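Order of the sequence lines fixes the chain letters, A, B, ..., with proteins taken first and strands second; residue numbering starts at 1 for each chain. Every value quoted in this text rests on a predicted model; they were computed, and no experiment measured them.
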Amino acid sequence: MFALADGNNFYASCERVFNPSLNGKPVVVLSNNDGSIIARSNEAKALGISMGQPYYQAKKTIDEHGVNVFSSNYELYGDMSNRMMTVLSSLAPESEIYSIDECFLGFSGFDEGRLSEHAHLIRERTLKWTGIPVSIGLAPTKTLAKAANKVAKKNEGIKLIRTSDQIDELLEKYPVEDLWGIGRKYNKRLQEMGIKTALQFKQLPEGWVKKHMTISGLRLQYELKGISCIPLEKVSATKKAICTSRSFGSYVSTYKEMEEVVANFAFKCAEKARKENTVARAVTIFIHTNGFNTTLPQYSNSRTLRLPVATANTAEILHYVRLALRSIYRPGYSYKKAGVMLTGLHTKDAIQMDLFDSLDRNRQSLLMETIDELNGKMGKKGVFDPPVKFALQTHLAEQKNWPMQRKFLSPCYTTRWESVLKAS
DNA sequence: TCTGGGGTCCTAGGACCC
DNA sequence: TCTGGGGTCCTAGGACCC
């Protein structure tokens with residue numbers, strides 16, 4: 001069984017922890033530049049203020065009802081998040097920090113009869129020790145736990161579903177668009193087909209789902225059937241991209257200004273990369289005009305440059321960012337947004353070796369032989385990477401009794417691995 | 001005047017290799 | 001020079017998440 005614990009109206013709740021007089025009063029938190037609303041207390045929601053709404057649109061309601069408005073303070077929220085995660089993970093056998101305000105908990109080996117009672121304990125402790133109210137959904141898969149969590153938030157703060165009857169009962173009333181993995185595009189398509197509830201989605205033919213929604217859609221469908229195929233990620237994964245981007249409070253319309261802006265972003269990205277202990281192999285920059293203002297001429301472009309040597313060095317990255325900007329900047333436009341992104345991040349060979357180490361001795365040596373053989377066939381290029389990845393996946397699939405993986409891997413690897421197993 | 005800032009995963013297709 | 005079945009690596013683009 002999995003649980004999803006989620007801090008209610010997280011940013012707004014954080015502000016309340018430091019200002020308890022706000023309890024019971026409407027609170028909203030704004031994005032950068034105070035552009036739009038990114039968090040609302042229940043009272044603010046009740047006033048009809050919606051998520052992502054531009055501040056100026058909601059301003060009338062806010063003024064009329066004396067709503068308390070905060071500019072975002074990510075340092076504070078990050079700090080509160082750490083506290084909350086520490087408490088939550090101390091109360092379950094396994095945990096995965098999913099986002100700033102969400103934590104998956106794993107309860108394998110836990111007495112299921114006590115789960116509901118334990119969930120109450122988690123809520124009480126988190127509230128008492130951090131001041132943040134949380135909702136908890138419990139279910140056999142992560143996707144179902146997400147759904148249960150959403151229902152919990154509207155009710156008593158805790159929702160547990162276990163039997164297939166309980167699952168279907170929940171899914172029948174659950175809008176398909178609220179599922180984890182269904183966004184605007186997929187929802188539109190499903191609505192056109194008359195698929196409105198999660199239960200209806202669960203009953204769609206697997207072939208259709210795979211074809212039109214890729215393997216991710218199929219995974220979602222399996223999860224709704226109670227077959228867990230999204231495992232808990234207990235150690236936080238190393239980042240694959242690092243990005244710094246902003247919308248500007250006012251327009252940027254000279255090259256000089258823009259160069260300063262992206263240089264700043266490059267600096268921040270390099271800093272983040274060093275903190276993560278990674279180096280980047282490529283850097284991308286992008287610039288956009290204001291897409292909302294249809295009267296202004298529009299231009300947007302991006303450029304990716306490979307770094308000759310993987311690096312997290314500010315000066316080197318800066319050099320290539322300037323080069324890229326020069327090639328895409330067009331004068332005469334009013335720019336509204338820009339960003340710098342580092343990709344191709346890696347920390348030496350650590351990841352591959354981890355995968356390899358997770359195998360037992362026998363398999364390691366068999367794998368090495370197979371790799372040697374394949375390397376011989378393939379010439380100097382080598383094929384180290386995919387077989388090792390595959391070996392790890394198989395290993396995990398066996399450990400977790402996870403039905404999805406084997407089926408979805410490219411057949412050539414399956415055959416190979418099977419011959420390795422046969423040989424043992 | 002005013003509309004977030006981070007990320008992830010998957011697929012298709014092209015260049016290239018043996 | 002052609003044919004072919006494997007592969008790899010890389011990029012672009014589209015979907016999604018909070």
Please give, in whole Å, the distance from [N] [atom2] to [X] [atom1]?
| X | N | atom1 | atom2 | answer |
| --- | --- | --- | --- | --- |
| A:Ile215 | C:dG14 | CD1 | C1' | 17 Å |
| A:Phe201 | C:dC16 | CZ | P | 11 Å |
| A:Glu102 | C:dC16 | CD | C1' | 14 Å |
| A:Asp34 | B:dG5 | CG | P | 12 Å |
| A:Arg219 | B:dT8 | CZ | C1' | 11 Å |
| A:Leu30 | B:dT3 | CG | P | 12 Å |
| A:Leu305 | C:dT11 | CG | P | 11 Å |
| A:Asn33 | B:dT3 | CG | P | 7 Å |

Is [Y] paired with [X] through a side-chain N to carboxylate O contact shorter than 4.0 Å?
| X | Y | result |
| --- | --- | --- |
| A:Lys225 | A:Glu206 | yes |
| A:Glu96 | A:Lys234 | no |
| A:Glu102 | A:Lys146 | yes |
| A:Glu177 | A:Arg184 | no |

With a non-hydrogen cut-off below 4.0 angstrom, is [X] in contact with a base, only sugar-phosphate, or nothing?
| X | value |
| --- | --- |
| A:Tyr55 | nothing |
| A:Ile182 | sugar-phosphate |
| A:Tyr98 | sugar-phosphate |
| A:Leu179 | sugar-phosphate |
| A:Lys211 | nothing |
| A:Lys272 | sugar-phosphate |
| A:Ser72 | nothing |

- Please walk me through it: do A:Tyr251 and A:Glu257 pass side chain to side chain donor-acceptor pair (under 3.5 Å)? CA-CA 10 Å; A:Tyr251 290 107; A:Glu257 260 182 295; over 6 Å; no
Under 4.0 Å from OP1 or OP2 of [N]: is there any side-chain N or O of [X] that close?
| X | N | result |
| --- | --- | --- |
| A:Arg281 | C:dC10 | no |
| A:Lys240 | B:dC9 | yes |
| A:Lys239 | B:dG6 | no |
| A:Lys146 | C:dC18 | yes |
| A:Ser247 | B:dG5 | yes |

Closest listed nucleotide, where the reference is the side chain of [X] and the choices are [options]:
| X | options | result |
| --- | --- | --- |
| A:Cys243 | B:dT3, B:dG6, C:dA15 | B:dG6 |
| A:Ser99 | B:dT3, C:dC18, B:dC10 | C:dC18 |
| A:Ala241 | B:dT3, C:dA15, B:dT8 | B:dT8 |
| A:Arg246 | C:dC18, B:dG5, B:dG4 | B:dG5 |

- Query: In the strands shown, is B:dC9 matched to any nucleotide by a Watson-Crick or G-U wobble pair with both distances under 3.5 Å, and which?
  - Reply: C:dG14
- Walking DNA chain B from its 5' end, the first of A:Ile38 and A:Thr214 to be reached, judged by nearest nucleotide, is A:Ile38
- Position toward the 5' end of DNA chain B (nearest nucleotide), A:Glu233 or A:Tyr251: A:Tyr251
- Message: Over 60° means perpendicular and under 30° means parallel, so tell me whether A:Tyr255 and A:Tyr329 are parallel, tilted or perpendicular.
- Response: perpendicular
- Centroid-centroid distance, A:Phe104 to A:Phe2, less than 6.0 Å: no
